Amino acid sequence: ERLGRALATRGFAVRCVAGGAEAVAAAKAEAFDAALVDMKMPTQPEGAALVAALHGLRPEMRIVVLTGYGSIASALLAVREGAADYLTKPADADQVAAAIRGEGVRPPRPAAVPSLDRVEWEHIQRVLAETGGNVSESARLLGIDRRSLQRKLSRYAPRR
């Protein structure tokens, strides 16, 4: 009930039901845009079976599963049965609202991955700094010939 009130204040028209059987009956009677399903409900069907029943009645309905008993296996099962999103408790009303709207939290984009040449150049520069610019000592630490290191340094040297 509290979550229902919180979602109502966020602009959703909310209908709360007491269990799985009542949810199926409500979905048969009305066309809902979304359903928030708990994996553990007082009456059958519950969990993935309820997701499957609701998805079977209204395939276009966005079904979000909320559970305090989250596992990878139950998440996969729920999604396989038709859930669009899967949240574990504790989840605040903003997270639930975003999931219902389909605005799932996206992970930040990774920073650009440097090329292998760039990584090699930075590693060589670190080793050179540690040896005080001594090319022979740096080559020994890097496990390459001194002349090979000199070629790398001349090839990747910053242009003036």
Side-chain angles (χ1 to χ4, degrees), residues 2-14 31-41 45-160:
R2 248 176 48 205
L3 181 56
R5 286 192 302 272
L7 291 172
T9 63
R10 286 162 176 78
F12 292 95
V14 178
F32 295 103
D33 293 328
L36 181 62
V37 174
D38 198 330
M39 289 299 275
K40 300 285 184 190
M41 298 190 68
E46 66 174 6
L50 177 57
V51 171
L54 292 174
H55 186 71
L57 288 172
R58 303 207 185 279
E60 71 282 358
M61 183 188 312
R62 182 168 179 82
I63 303 169
V64 176
V65 174
L66 179 65
T67 183
Y69 305 94
S71 70
I72 293 171
S74 68
L76 288 173
L77 179 59
V79 170
R80 215 175 292 128
E81 295 297 340
D85 211 332
Y86 183 94
L87 301 173
T88 57
K89 296 175 186 176
D92 65 27
D94 290 329
Q95 290 171 311
V96 173
I100 291 170
R101 287 188 198 106
E103 303 167 350
V105 178
R106 310 241 190 279
R109 293 190 73 196
V113 177
S115 69
L116 288 175
D117 287 339
R118 179 69 185 177
V119 172
E120 179 185 44
W121 175 254
E122 290 176 3
H123 181 63
I124 289 170
Q125 293 304 311
R126 269 193 305 273
V127 173
L128 275 170
E130 289 172 9
T131 62
N134 185 327
V135 175
S136 296
E137 180 67 13
S138 296
R140 188 184 64 73
L141 290 172
L142 290 167
I144 60 175
D145 185 68
R146 181 184 55 79
R147 283 183 285 190
S148 296
L149 179 56
Q150 286 176 320
R151 275 195 303 275
K152 287 180 183 288
L153 290 171
S154 66
R155 185 175 39 187
Y156 297 119
R159 307 275 182 230
R160 293 182 191 191

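Note that these values count all heavy atoms, side chains included, but never hydrogens, waters or copies made by symmetry. Here the structure is a predicted model, which is why all the values come from computation and not from measurement.
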Quiz item: Backbone N or O of Ala6 within a donor-acceptor pair of the Arg10 side chain at under 3.5 Å?
Solution: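 Present.
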Quiz item: Does the side-chain contact (heavy atoms from CB on, under 4.5 Å) test come out yes or no for Arg101 and Val96, once each step is laid out?
Solution: CA-CA 9 Å; Arg101 287 188 198 106; Val96 173; over 6 Å; no
Exercise. For the residue pair Ser154 and Arg151, confirm or rule out a side-chain donor-acceptor distance under 3.5 Å.
Key: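 No, Arg151 and Ser154 have no side-chain donor paired with an acceptor closer than 3.5 Å.
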Exercise. Check the side chains of Tyr86 and Ser74 for a donor-acceptor pair under 3.5 angstrom, ignoring hydrogens and angles.
Key: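 Checked: Ser74/Tyr86 side chains pair up, N/O donor to acceptor below 3.5 Å.
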Quiz item: Residues two or more places apart in sequence or in another chain: which of them pass side-chain contact (heavy atoms from CB on, under 4.5 Å) with Arg126?
Solution: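 Only Glu122, His123 meet the side-chain contact (heavy atoms from CB on, under 4.5 Å) criterion with Arg126.
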Which heavy-atom pair separates [X] from [Y] by the least distance, and what is that distance?
X	Y	answer
Ser136	Asn134	N-OD1, 3.1 Å
Ser138	Thr131	OG-OG1, 2.7 Å
Ala99	Asp85	CB-OD2, 3.5 Å
Ala91	Leu66	CB-CD1, 3.9 Å
Leu54	Ala35	CD1-CB, 4.0 Å

Practice problem: Applying side-chain contact (heavy atoms from CB on, under 4.5 Å), run through Ile124 and Leu153 and close with a yes or a no. | Solution: CA-CA 8 Å; Ile124 289 170; Leu153 290 171; 3.7 Å; yes
Practice problem: Starting from the C-alpha separation in whole Å, work towards a yes-or-no answer on side-chain contact (heavy atoms from CB on, under 4.5 Å) for Val65 and Leu87. | Solution: CA-CA 6 Å; Val65 174; Leu87 301 173; over 6 Å; no
Taking the side chain as C-beta and beyond, is there a heavy-atom pair between [X] and [Y] under 4.5 Å?
X	Y	answer
Glu81	Leu77	yes
Val37	Val64	no
His55	Ile63	yes
Ile100	Arg62	no

Quiz item: Are there more than 12 heavy atoms of other residues, nucleotides or ligands under 6.0 Å from atom CG of Asp33?
Solution: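 Atom CG in Asp33 is not packed in, count stays at 12 or less.
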Quiz prompt | Partners meeting salt bridge (charged side-chain N to carboxylate O under 4.0 Å, His left out) with Glu130 (sequence neighbours left out) | solution =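 Glu130 satisfies salt bridge (charged side-chain N to carboxylate O under 4.0 Å, His left out) with no residue once adjacent residues are dropped.
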Quiz item: Which is it for Leu36 and Leu3 under the side-chain contact (heavy atoms from CB on, under 4.5 Å) test, yes or no, and what are the steps along the way?
Solution: CA-CA 10 Å; Leu36 181 62; Leu3 181 56; 3.4 Å; yes
Practice problem: List in chain and number order the residues that pass side chain to side chain donor-acceptor pair (under 3.5 Å) with Thr88, two or more places apart in sequence or in another chain; answer none if no residue qualifies. | Solution: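 Scan of Thr88 (side chain to side chain donor-acceptor pair (under 3.5 Å), adjacent residues dropped) gives none.
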Practice problem: Supply the atom-to-atom distance Arg146 CZ to Glu137 CD, rounded to the nearest 0.5 angstrom. | Solution: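 Nearest 0.5 Å value for the CZ-CD distance: 13.0 Å.
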Quiz item: Going from CG on Leu149 to CD1 on Ile144, what distance comes out if it is rounded to the nearest 0.5 angstrom?
Solution: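 It comes to 4.5 Å.
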